[in-house]
Asks: 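Pasting a structure below so you can have a look.
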Amino acid sequence: MPDTSSFGRRHFMARAAAVAGGAALLGAADLTRSAPAHAYTKPRVYTRAEWGARPPTSPAQIIAAPDHLVVHHMAFPNSTDYSLSHAFQLSRDCQDLHMDTNGWADTGQQLTISRGGYVMEGRNRSLEAIGKGANVMGAQTANENGHTLGIENEGTYTSVLPPTALWNALVQTLAWLCDDYGLDPHAAIVGHRDYNSTECPGDALYAKLPQLRNDVATALGASPLRAERATPYVRSNLPGPRRRGDHGPAVGPREGS
């Protein structure tokens, strides 16, 4: 299981006090709270209305703030179309796959980043929840959806790395979320395979997660707190995609989708 023992655990414990006593699930009334002030600038996140999302079959459930941010690859082709229009089509294609093929209520992940570096809202109510220091119940990391927020990165990164635009957008997005939720990037940022038996986010990208954590910490002015060494890319032999869009286990037996 991912480590939460670093200095960031102080933030986790402070938040735990706020949600203790049966408040794991937040009601709509909780969303009337004022958002706390944060120093890091939120990236431009395109809303579901902007990319043309279909209505979900049921509204997403608001839950407590995440303690881990899960990096995924989408197991989609590594497109060379870096346009905004392609990014919007990517979100529509992902939603169609998750609803029509997987049978889910909506897009599974909370956020999506295209290879052109465009950040988009995924599951319905995600931006609403993030803006109030909460989260929505997703379908992206099996048996762990109740405490994690998932970011899908367009492409397949088993042997190649994301383009610079995607990487930079991912760093900015993770820095925003760590600042918003009071998380230590060295403890909070994990890959899908840290929880489930899957190649996701790809052997090549997974090997860069130490650098990703360091880059996010640097963006937050926290790099001296703990530096991580880069890890070499090795073949994991973990289960890879069985089909387009299959990044591994996303929904557990006791979780809704």
Asks: For Asp106 versus Gly122, what's the shortest heavy-atom pair and its separation?
Replies: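 Closest pair (atom of Asp106, atom of Gly122, distance): OD2-O, 4.4 Å.
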Asks: Short question: side chain of Asn196, backbone of Ala142 - any donor-acceptor pair under 3.5 Å?
Replies: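 Here the side-chain-to-backbone pair exists.
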Asks: Are any non-hydrogen side-chain atoms of Val216 and Tyr40 less than 4.5 angstrom apart?
Replies: no
Asks: Report yes if some heavy atom in the side chain of Leu149 is under 4.5 Å from a heavy atom in the side chain of Val70; otherwise report no.
Replies: no
Asks: Does some side-chain heavy atom of Pro77 sit less than 4.5 Å from a side-chain heavy atom of Thr156?
Replies: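 Thr156 vs Pro77: side chains apart.
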Asks: Picking from Trp51, Tyr118, Tyr46, what satisfies ring-ring contact (aromatic ring centres under 6.0 Å, His included) with Phe88?
Replies: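 It is Tyr46; the other options fail the test.
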Asks: Flag the pair Arg193 and Asp203 as a salt bridge only when some basic side-chain nitrogen lies within less than 4.0 angstrom of an acidic carboxylate oxygen.
Replies: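 Between Asp203 and Arg193 there is a salt bridge, with a charged N closer than 4.0 Å to a carboxylate O.
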Asks: Give a yes or no answer on whether the side chain of Asp184 reaches the backbone of His186 with a donor-acceptor pair at less than 3.5 Å.
Replies: yes
Asks: Going by atom types only, do Thr112 and Glu154 share a side-chain donor-acceptor pair under 3.5 Å?
Replies: no
Asks: For His98, is there any backbone N or O sitting under 3.5 Å from a side-chain donor or acceptor partner on Thr101?
Replies: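 Absent.
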Asks: Please test Asp194 against Tyr206 for side-chain hydrogen bond (donor to acceptor under 3.5 Å, both in side chains), starting from the C-alpha separation and ending with a verdict.
Replies: CA-CA 10 Å; Asp194 288 316; Tyr206 187 76; 2.5 Å; yes
Asks: Would you find a donor on one side and an acceptor on the other, under 3.5 Å apart, between the side chain of Glu255 and the backbone of Glu144?
Replies: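 Yes; at least one donor-acceptor contact below 3.5 Å.
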Asks: Donor-acceptor check, side chain of Asp246 to backbone of Arg242, threshold 3.5 angstrom: yes or no?
Replies: yes
Asks: Should Gln140 and Gln110 count as side-chain neighbours, where that means a heavy-atom distance under 4.5 Å?
Replies: yes
Asks: Over all heavy atoms of both residues, which pair between Ala105 and Met99 is shortest? Give the atoms and the distance, please.
Replies: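 Shortest heavy-atom contact: O-CE, 3.4 Å.
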Asks: Sub-3.5 Å donor-acceptor pair from the side chain of Asn143 to the main-chain atoms of Val251, do we have one?
Replies: no
Asks: Is there a donor in the side chain of Gln172 and an acceptor in the side chain of Asn168, or the other way round, less than 3.5 Å apart?
Replies: no
Asks: Can you measure from OG1 (Thr107) to CG (Leu97) and round to the nearest 0.5 angstrom?
Replies: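 So the gap between those two atoms works out to 9.5 Å.
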Asks: For Ile113 and Leu170, work out which heavy atoms get closest and say how close.
Replies: CD1-CA, 3.6 Å
Asks: Which value, rounded to the nearest 0.5 Å, describes the distance between Glu152 atom CD and Ser91 atom OG?
Replies: 10.0 Å
Asks: Identify the two heavy atoms, one from Ala134 and one from Pro66, that lie closest to each other, and give their separation to 0.1 Å.
Replies: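 Nearest heavy atoms, Ala134 then Pro66: O-CD, 4.3 Å.
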Asks: Give a yes or no on whether the backbone of Thr80 and the side-chain of His86 come within a donor-acceptor separation of less than 3.5 Å.
Replies: no
Asks: For the pair Tyr233 (side chain) and Leu205 (backbone), establish whether a donor and an acceptor sit closer than 3.5 Å, ignoring hydrogens and angles.
Replies: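 Looks like no, no N/O pair under 3.5 Å.
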Asks: Would you say the side chains of His73 and Asn153 form a donor-acceptor pair under 3.5 Å?
Replies: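 No, no side-chain donor-acceptor pair sits under 3.5 Å.
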Asks: Between Arg115 and Ala165, what is the shortest heavy-atom contact and its length?
Replies: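 Heavy atoms only, the tightest pair is O-CB, 3.9 Å.
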Asks: Should Ile151 and Leu174 count as side-chain neighbours, where that means a heavy-atom distance under 4.5 Å?
Replies: yes
Asks: Distance from Ser257 atom OG to Asn145 atom CG, nearest 0.5 Å?
Replies: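 The CG atom of Asn145 is 9.5 Å from OG of Ser257, to the nearest 0.5 Å.
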Asks: If you define the side chain from C-beta out and look only at heavy atoms, does anything of Trp167 sit under 4.5 Å from Leu161?
Replies: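 SC-SC contact between Trp167 and Leu161 ruled out.
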Asks: Do the ring planes of His247 and His72 sit parallel (below 30°), tilted (30 to 60°) or perpendicular (above 60°)?
Replies: parallel
Asks: Run the numbers on Asn135 and Ile63 for side-chain contact (heavy atoms from CB on, under 4.5 Å), then give the verdict.
Replies: CA-CA 5 Å; Asn135 191 19; Ile63 61 174; 3.9 Å; yes
Asks: Determine, stepwise, if the pair Gln61 / Arg125 fulfils side-chain contact (heavy atoms from CB on, under 4.5 Å).
Replies: CA-CA 8 Å; Gln61 184 180 38; Arg125 305 186 76 190; over 6 Å; no
Asks: For Ser85 and Ser83, does a side-chain donor sit closer than 3.5 Å to a side-chain acceptor?
Replies: yes
Asks: When rounded to the nearest 0.5 angstrom, what distance separates CE in Met120 from CG in Leu111?
Replies: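 These two atoms lie 9.5 Å from each other.
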Asks: Hey, is the main chain of Trp176 close enough, under 3.5 Å, to the side chain of Asp180 for a donor-acceptor pair?
Replies: no
Asks: In sequence, state the C-alpha distance, the side-chain angles, and the governing distance for Leu220 and Cys178, and then conclude on side-chain contact (heavy atoms from CB on, under 4.5 Å).
Replies: CA-CA 9 Å; Leu220 293 171; Cys178 285; 3.9 Å; yes
Asks: Under 3.5 Å, is there a donor-acceptor pair linking the side chains of Arg92 and Gln89?
Replies: yes
Asks: For the atom pair CZ (Arg213) and OG1 (Thr218), what is the distance rounded to the nearest 0.5 Å?
Replies: 13.5 Å
Asks: Atom NZ in Lys208, atom CG in Asn214: separation rounded to 0.5 Å?
Replies: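 Lys208 NZ to Asn214 CG: 10.5 Å, rounded to 0.5 Å.
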Asks: Do Thr173 and Leu69 have side-chain heavy atoms sitting under 4.5 Å apart?
Replies: no
Asks: If you compare all heavy atoms of Phe76 against all heavy atoms of Cys94, which two are closest, and at what distance to 0.1 Å?
Replies: CZ-CA, 4.2 Å
Asks: Does a side-chain N-to-carboxylate-O contact under 4.0 Å join Arg54 and Asp96?
Replies: yes
Asks: Are Pro201 and Val71 side-chain neighbours, meaning at least one heavy-atom pair lies under 4.5 Å?
Replies: yes
Asks: Hey, is Glu199 close enough to Arg235 for a salt bridge, meaning N to O under 4.0 Å?
Replies: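 No salt bridge links Glu199 with Arg235.
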Asks: Taking Gln109's backbone N and O only, do any of them form a donor-acceptor pair with Arg123's side chain (distance below 3.5 Å, no angle check)?
Replies: no
